[in-house]
Protein chains: 2
Amino acid sequence: MTQKHPDRVDESLIALRRILRATELYARDLAQAAGVTPAQLRVLQIVGEKKDPTAKTLATQMGVSQATVTALVDKLVARGLVTRLTSAQDRRQTNITLTTEGEDVLEEAPDALQQRYVRAFADLADWEQAQLVSSLERVAAMLNVDSLDAAPVLATGELRMSKKSY
Amino acid sequence: MTQKHPDRVDESLIALRRILRATELYARDLAQAAGVTPAQLRVLQIVGEKKDPTAKTLATQMGVSQATVTALVDKLVARGLVTRLTSAQDRRQTNITLTTEGEDVLEEAPDALQQRYVRAFADLADWEQAQLVSSLERVAAMLNVDSLDAAPVLATGELRMSKKSY
DNA sequence: TTAATTTGCTTTGAATATTGAAGTATCACC
DNA sequence: GGTGATACTTCAATATTCAAAGCAAATTAA
C-alpha cells in the first residue's frame, strides 16, 4: 500500500466503468438491430455458443431464474428462432436449439463494437497484445469470477467499508 | 496483421466477457442487498456520483429514455430515497437529489466486488498498476467509447464470440 | 413584444422482463 | 414400490422500457 500513485485505482475503475457502459449501451442497439429484445438476444447468443443448452444452463449463465428463461424461450419459440427438444438422457431437461432463422439472426447481428475492437487489437504490436491479454485476465481474476459464480449469495452483509475506503 | 499469436484476440475477448458477466451478475445481487431493483440502484449510484443530475443527464448516462427515468425516479421518490428539485436557473429542469435515506442505501450497499478489486489492485507492484491502468484505458479507447456516446446508433454490443467474421 | 420553435419533463398506454410460489413430470436411491 | 430431489412450466404481481402525446419554460424569430 501507500503507493506513489494512489489515484491509479480510481483511474482503473473509471476505465472499467467506461468499458462496461459502452458494452451495455451497445447491447441494446445491437438487439434492436437484430429485431429482438436484449434479453432475447442474450439467450440466442448463449444458445449459439454452448451446444444446445438446457433451460437450467441458460438460467445459470444469464443469472436469472428458470421462470424467466421459460418466458424468454417462449417468445423465441413463438418467433421461430429456437426450438425446444426434450433430452433423451433426462426427460426432465429441455435442450434449446437454434433454428435456421435463429442462426440467421445471430449471424446478421451487426456486432460493430466487437468488430472495432478486434480490428484495433489486430493493429497492436505483438507485445502490446500480450500485455493486454495479461491485464484483462488479471482483472478477471481480481474480480474473482469463479467464486462469484459459485456463491452468488455473498452479496449481503459482507464486510463493507464506507465510501472513501471503497 | 498476421501475428504470431492469432488466438490472443479470442483470449482477450474471453477475459472481457468474464469481466462483463461478473459485474453484471453482481450488480443484481448488490441491488437486492440494497433493497432496490438494479435499475433503481443505478439511478442512485449516478445521483451519488454526479452532483444533483437532471433527468436528462440520468437518461443520457443510463442510455434510456426520459420517460424511463421519470418512472424510476417516481419509484425512488415514493420510497423516500431521492427528491425532485426544480432548477432555479432553468425551471424546466429537475435536479434529482439524494435524501439521507438514499445516502444510507448507497453507503450500505456492500460493494464487495469493487472492494475486492481495489484490495487486489493495491497489492500489485507499482509498475503492474501502471500497466493495468494503461491496458484498461486502451481497451476503453478501442471500444471508441466517446464516439459511441455521441452516436448511440452504432453503439454497443455485447462482446460475442462469433465464429469467423468478427 | 409577440409568435413560433425548441427543450425538459411528465403522463399514458402497451409490450417485455422478472420473480416467487405452486404445480407437474421425471429421475435417483433405497 | 416410495421418498425426495431435480427440471421445467404456469400463474400472479411488480418492474422496466419506450413511443406518442401533452405541458411548461426557455429560446429564437419576426
Side-chain angles (χ1 to χ4, degrees), chain A residues 24-25 27-44 46-47 52-79 81-97 152-153 155, chain B residues 24-25 27-44 46-47 52-79 81-97 152-153 155:
Chain A
E24 181 191 343
L25 291 183
R28 300 185 206 177
D29 294 334
L30 179 58
Q32 194 169 19
V36 295
T37 65
Q40 289 171 6
L41 181 59
R42 251 185 305 159
V43 171
L44 287 181
I46 295 173
V47 173
D52 298 347
T54 65
K56 174 83 169 177
T57 301
L58 278 170
T60 302
Q61 181 70 21
M62 296 178 62
V64 299
S65 70
Q66 280 200 10
T68 301
V69 170
T70 295
L72 288 173
V73 172
D74 281 348
K75 298 276 173 59
L76 292 173
V77 167
R79 299 200 36 183
L81 302 181
V82 303
T83 55
R84 280 187 239 251
L85 186 61
T86 302
S87 168
Q89 295 81 18
D90 185 339
R91 286 172 49 199
R92 295 171 301 180
Q93 295 182 340
T94 303
N95 293 106
I96 316 297
T97 69
V153 190
Chain B
E24 182 190 343
L25 292 184
R28 302 187 202 178
D29 294 335
L30 179 57
Q32 194 169 20
V36 295
T37 65
Q40 291 171 6
L41 180 60
R42 252 185 301 159
V43 172
L44 286 182
I46 295 173
V47 174
D52 300 345
T54 64
K56 174 83 167 176
T57 301
L58 277 170
T60 303
Q61 181 70 22
M62 296 179 64
V64 299
S65 70
Q66 281 198 9
T68 301
V69 170
T70 295
L72 289 173
V73 172
D74 280 348
K75 298 276 173 59
L76 292 173
V77 168
R79 299 199 38 180
L81 302 181
V82 302
T83 56
R84 279 187 241 252
L85 185 61
T86 301
S87 168
Q89 296 80 19
D90 186 338
R91 286 167 49 197
R92 293 172 302 182
Q93 295 182 341
T94 304
N95 292 106
I96 316 296
T97 69
V153 183

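Letters A, B, ... are given to chains in the order of the sequence lines, protein chains preceding strands, and every chain is numbered from 1. Note that these values count all heavy atoms, side chains included, but never hydrogens, waters or copies made by symmetry. These numbers come from a predicted model, not from an experiment.
The distance from atom NZ of A/K75 to atom OG1 of A/T70, rounded to the nearest 0.5 Å, is 12.0 Å. A distance of 12.0 Å separates CD in A/Q32 from CG in A/L41, rounded to the nearest 0.5 Å. In this structure, the separation between NZ on B/K56 and CD on B/Q61 is 13.5 Å, given to the nearest 0.5 Å. Atoms CG and CD1, on A/L58 and A/I96 in that order, are 6.0 Å from each other to the nearest 0.5 Å. With rounding to the nearest 0.5 Å, the separation of CD in A/Q40 from CG in A/D74 is 10.5 Å.
Distance B/D52 CG to C/dG8 C1': 17 Å, rounded to the nearest Å. Per the geometry, CD belonging to B/Q40 stands 14 Å off P belonging to D/dT14, to the nearest Å. What separates NZ of B/K56 from P of C/dT7 is a distance of 8 Å, to the nearest Å. The interatomic distance linking A/R84 (CZ) with D/dA7 (P) rounds to 16 Å, in whole Å. Rounded to an integer number of Å, the gap from B/L58 CG to D/dC18 P is 13 Å. In this structure, B/Q93 atom CD and C/dT7 atom P are separated by 13 Å, rounded to whole Å. Distance, B/R79 CZ to D/dT14 P: 14 Å, rounded to whole Å.
A donor-acceptor contact closer than 3.5 angstrom is absent between the side chains of A/T57 and A/T60. A donor and an acceptor atom, one from each side chain of B/T83 and B/T97, are located under 3.5 Å apart.
The closest side-chain heavy-atom distance from A/E24 to B/M62 is not below 4.5 Å.
Considering only the side chain of A/T70, D/dT10 comes nearest among D/dT10, C/dT10, C/dG8. When the nucleotides C/dT10, D/dC8, C/dT11 are ranked by their closest atom to the side chain of B/D74, C/dT11 comes out on top.
Checking the phosphate oxygens (OP1, OP2) of C/dA17, a side-chain nitrogen or oxygen of A/K75 falls inside 4.0 Å.
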What string of B, S and - do you get for nucleotides 18-30 of chain C 5' to 3' if you count protein non-hydrogen atoms under 4.0 Å?
BBB-----BS---

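Summary for the helix from C/dT1-D/dA30 to C/dC30-D/dG1: the axes at its two ends, each from 5 pairs, differ by 30° when rounded to the nearest 10 degrees.
Along DNA chain D, the nucleotide closest to B/P38 and the one closest to A/T94 are compared, and the more 5′ of them pairs with A/T94.
Using a distance-only test at 3.5 Å, with no hydrogens or angles considered, a donor-acceptor pair links the side chain of A/R28 to the main chain of B/G63.
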